[in-house]
Amino acid sequence: MASLKREREAVVDDDDNEDGVRGRVTEDRRSRHCPYLDTINRSVLDFDFEKLCSISLSHINVYACLICGKYFQGRGLKSHAYTHSVQFTHHVFLNLHTLKFYCLGIRRPPGDIMFLLVQRFGELMRKLWNPRNFKAHVSPHEMLQAVVLCSKKNFQITKQGDAVDFMTWFLNALHGALGGTKKKTSIVTKAFQGSMRIFSKKLPHPDLLPEEKEALLLTEEYQEQMSESTFLFLTLDLPTAPLYKDEKEQLIIPQVPLFNILGKFNGNTEKEYKTYKENFLKRFQLTKLPPYLIFCIKRFTKNNFFVEKNPTIVNFPITNVDLREYLTEEAQATEKNTTYDLVANIVHDGKPSEGAYRIHVLHHGTGKWYEMQDLQVTDILPQMITLSEAYIQIWKRQESDDDTNNHTGA
C-alpha cells in the first residue's frame, strides 16, 4: 500500500513532457495544497464522450477541463488546454489516459514569495463565498501566516497593527504579486485606483525678512507647480480636537460633516505641508473616481514620544454621496456616475495603543447591516453606524442605467 501511494504521488518533473517518457521523477506535494479544487463543477462532467480534443479533434494527450467539462489536447505552454486555462481562468484538468490531475495556467515567478499571498488570499475568498461550503465557519490562519511571512514580520498574528498601515501594504503587495506596476494595471488598481491633480507651491522660510520673501515669490522656483498622481485611497484630515472641557468636566467630543473634510479635494482648499527643510502649500482636485472608493480618516498623530488619537465623530450619510463637485471640469464631463453608497465601515475604539477594531458590513442580499468583532456578529441599525469613530470606509459607486442594462442583457 505504501509503494502504491508513492507511485500515485510521483509525477514527472518536466512541464513540456507530454507522455512522461523523459525527465526525473520527483515527489510533487503541491497537489495537496491546490487552491483551485473547489472550482471543480461536477454537474457538467461527463466522461462517456469520445476522448477527442474539442479543437484539434485529436485523441492524443487529451485532458478534461473539470470546470466546464470540455476536452483539450496537451498541457504545454502552447497547447489547447493551456490556452483555455489562461483565457477562461479554468485551472484544474484531468489526463483522461493516466487519470492524473494537473493545475494549468498558474505560473509562480521564480523566487517570488509574494505570490504565496495571492494564493492564500484567493483560497480564503473562495472558501468564504462558496455556496456549497460544508462548514459554517472559515479559518484565516493560513492567510495570516502568509501575511507574516510576506511582510517580513511587520504584521504578526500575536500583535495588533494599524489598519491603514496593513491595508496600504496589503493592496500594494497584491498589486505587485499580480504583475502590476506603475504603468501596468491589476485587479487591485482596476477596483480601487483613482487619480488627482496636485497643485504645489513652495513657501519662503518664515525667518526671512518681508522683502526677501517677496523677492523669492517672484522666482520660478516658488511658482505653483501642477502634477498628476494616482491613489488607492483618500486621506481625510480631521479638525484639531478641542482641549477644554465642558461644565461637567468632561471632554467635548466634536462632530464634523463628511463633506467638510472632503473639501480638501475641491481644488480650492489650501493646506500647508512641512518637511524637514522646506514648506509647501498644496491643494488637490480629483480627475478620476474608481468603482470602489476608500476613505482613511486620519485619527492618529505620531511624534517622537507618543501617539495621539483624535476622537472627532464624522457625520456621514449611508447612501447617495455625490462627489461630482470634487472633480475637474474635464472629469465632470466624462464621468457618468459619481454617486457612492457605503458598503463597509472600520471603527477604532479606545486608546491608540490599547484599542480594538470592529467593522460594519452591508449584506447586499438583504440590505441589512452587520457589526463584526472577532467571532461576534450582530445586527446593527444604519443610524448607529454614523455614531462610531470611523477609521476606514469603503464606498461602492452606484451603477448607471446603462451598466444595469448591460448586466441584464448579459
Side-chain angles (χ1 to χ4, degrees), residues 162 164-165 167-169 171-172 175-176 180-184 189 192-243 254 256-290 293-310 312 314 323-335 338 391-392:
D162 182 80
V164 173
D165 291 343
M167 182 187 69
T168 304
W169 171 83
L171 292 179
N172 284 286
H175 174 64
T181 61
K182 290 185 177 180
K183 296 183 178 180
K184 186 179 179 182
T189 53
F192 299 110
Q193 183 172 277
S195 60
M196 68 170 73
R197 286 179 181 171
I198 303 176
F199 301 88
S200 179
K201 183 167 60 175
K202 187 177 179 181
L203 297 177
H205 196 279
D207 294 339
L208 295 176
L209 297 174
E211 298 81 9
E212 295 176 321
K213 292 181 180 180
E214 292 180 4
L216 288 175
L217 290 175
L218 296 176
T219 61
E220 184 178 354
E221 182 182 357
Y222 287 82
Q223 301 304 307
E224 187 175 66
Q225 307 291 329
M226 191 271 288
S227 61
E228 299 277 349
S229 178
T230 57
F231 64 86
L232 290 177
F233 59 86
L234 296 177
T235 301
L236 305 181
D237 301 319
L238 292 174
T240 304
L243 300 177
V256 60
L258 174 65
F259 293 100
N260 283 20
I261 55 178
L262 277 174
K264 172 183 178 180
F265 301 99
N266 60 13
N268 299 319
T269 302
E270 293 181 325
K271 183 179 179 181
E272 185 175 350
Y273 290 84
K274 298 181 179 180
T275 62
Y276 180 70
K277 293 182 178 180
E278 300 172 326
N279 297 344
F280 292 89
L281 204 61
K282 294 185 179 182
R283 55 191 180 94
F284 309 88
Q285 194 166 22
L286 305 181
T287 56
K288 181 185 176 182
L289 292 171
L293 183 61
I294 302 177
F295 290 156
C296 293
I297 300 173
K298 191 175 181 181
R299 293 197 172 274
F300 301 101
T301 305
K302 300 179 182 179
N303 55 36
N304 295 331
F305 303 101
F306 53 85
V307 179
E308 289 183 302
K309 180 183 177 182
N310 190 325
T312 301
V314 179
L323 303 178
R324 182 170 295 276
E325 63 180 285
Y326 307 104
L327 291 168
T328 60
E329 293 183 0
E330 301 93 328
Q332 290 184 18
T334 56
E335 292 277 354
T338 57
Y391 189 32
I392 301 174

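- Minimum interatomic distance between Pro204 and Tyr222 (heavy atoms only, all atoms of both residues): N-CE2, 3.6 Å.
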Show your working on side-chain contact (heavy atoms from CB on, under 4.5 Å) between Arg299 and Leu238 and close with a plain yes or no. CA-CA 7 Å; Arg299 293 197 172 274; Leu238 292 174; 3.7 Å; yes

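- For the pair Arg283 (side chain) and Asn268 (backbone), a donor-acceptor distance under 3.5 Å is absent.
- Using a 3.5 Å distance cut-off with no hydrogens or angles, the side chains of Thr328 and Thr287 do not pair a donor with an acceptor.
- Between Leu327 and Leu289, some side-chain heavy-atom pair lies under the 4.5 Å cut-off.
- Of the inter-residue distances, the one linking Phe284 atom CZ with Asn266 atom CG reads 11.5 Å to the nearest 0.5 angstrom.
- Taken from CG in Leu262 to CZ in Phe295, the straight-line distance is 4.5 Å, to the nearest 0.5 Å.
- Heavy atoms only, all atoms of each residue included: Thr235 and Phe265 are closest at O-CZ, 3.7 Å.
- For the pair Met196 and Leu234, the minimum side-chain heavy-atom distance is below 4.5 Å.
- Salt-bridge formation is detected for the pair Lys202/Glu278: a Lys NZ or Arg NE/NH1/NH2 atom is positioned less than 4.0 Å from an Asp or Glu carboxylate oxygen.
- Distance NZ/Lys213 to CG/Leu218: 14.5 Å, rounded to 0.5 Å.
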- Message: Show, in sequence, the C-alpha distance, side-chain angles and deciding distance for Leu286 and Phe231, and conclude whether the side-chain contact (heavy atoms from CB on, under 4.5 Å) test is met.
- Response: CA-CA 10 Å; Leu286 305 181; Phe231 64 86; 4.0 Å; yes

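- Cation-pi contact between Lys271 and Tyr273: present, with separation from the ring centre below 6.0 Å and deviation from the ring axis of at most 45°.
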field: Candidate pair Glu212 and His205, rule side-chain contact (heavy atoms from CB on, under 4.5 Å), full reasoning
entry: CA-CA 10 Å; Glu212 295 176 321; His205 196 279; over 6 Å; no

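- Two residues are said to be in side-chain contact when any heavy atoms from C-beta on lie closer than 4.5 Å; Ile294 and Leu232 fail this criterion.
- A 4.5 Å side-chain heavy-atom check between Lys201 and Gln225 finds every atom pair outside the cut-off.
- Taking each heavy atom of Asn310 and Pro239 in turn, the nearest pair found is ND2-O, 2.9 Å.
- Minimum heavy-atom separation, Gln332 to Arg324: O-NH1, 2.8 Å.
- Separation of atoms CG (Leu323) and CD (Glu335) is listed at 10.0 Å; rounding is to 0.5 Å.
- Here the straight-line distance linking atom OG1 of Thr181 with atom NZ of Lys183 works out to 8.0 Å at 0.5 Å rounding.
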Walk me through whether Gln193 and Leu171 qualify under side-chain contact (heavy atoms from CB on, under 4.5 Å).
CA-CA 10 Å; Gln193 183 172 277; Leu171 292 179; over 6 Å; no

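- Sparse packing is recorded around NZ of Lys288, with 12 or fewer heavy atoms of other residues, nucleotides or ligands lying under 6.0 Å away.
- Checked against Leu236 for a side-chain contact (heavy atoms from CB on, under 4.5 Å), the options Ile261, Asn260, Val256 give a single hit: Ile261.
- Ion pair Glu270/Lys282 not flagged as a salt bridge, since none of the NZ, NE, NH1 or NH2 atoms sits closer than 4.0 Å to an Asp/Glu carboxylate oxygen.
- No more than 12 heavy-atom neighbours from other residues, nucleotides or ligands sit within 6.0 angstrom of CD on Glu329.
- Contact between Cys296 and Phe233 at its shortest, heavy atoms only, is SG-CD1, 3.4 Å.
- Here the OG1 atom belonging to Thr189 is positioned 5.0 Å from the NE2 atom belonging to His175, to the nearest 0.5 angstrom.
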